[in-house]
Amino acid sequence: MTPGFYLKTEYRYSTYSGGSASYDDDSIDLDEAFNFIDLERHQVIIGLGARF
């Protein structure tokens, strides 16, 4: 772009599977508890900035 402006892109991938939780000696497998929910997230971020 021009010397005063810039453009940036970012890609983020997050996964929340493979975990477990416990409380008062009871444990739960989160994969089984949330098997109906997609536990992965893909994000694309585009940014425009100005230098001054």
Side-chain angles (χ1 to χ4, degrees):
M1 299 194 63
T2 65
F5 291 95
Y6 64 92
L7 181 68
K8 81 174 199 173
T9 58
E10 219 175 284
Y11 172 74
R12 295 181 188 172
Y13 170 74
S14 302
T15 182
Y16 302 102
S17 63
S20 63
S22 61
Y23 180 74
D24 284 342
D25 296 329
D26 290 329
S27 182
I28 186 169
D29 182 12
L30 296 178
D31 284 339
E32 291 178 14
F34 297 108
N35 63 356
F36 57 91
I37 299 174
D38 185 13
L39 298 174
E40 293 182 348
R41 181 172 67 177
H42 301 268
Q43 291 178 300
V44 176
I45 300 165
I46 300 172
L48 176 65
R51 293 183 182 100
F52 52 92

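Residue numbers start at 1 and run along the sequence shown. This one's a predicted model, so the numbers in the text were calculated from it and none came from an experiment.
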Output, in order, the C-alpha distance, side-chain angles, deciding distance and verdict of side chain to side chain contact (heavy atoms under 4.5 Å, CB included) for T9 and V44. CA-CA 7 Å; T9 58; V44 176; 5.7 Å; no

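Here CD of E10 is found 9.0 Å from CD of Q43. Values are rounded to the nearest 0.5 Å.
For the pair Y13/T15, a side-chain contact is recorded, criterion being any heavy-atom separation below 4.5 Å from C-beta on.
L48 and I45 are members of different hydrophobic clusters when ILVMFWY side chains are connected at heavy-atom separations under 4.5 Å.
Shortest non-hydrogen contact noted between A50 and Y6 is N-CE2, 3.8 Å.
Applying the ring pair (Phe, Tyr, Trp, His ring centres under 6.0 Å) test to Y11 and every residue at least two apart in sequence or in another chain returns nothing.
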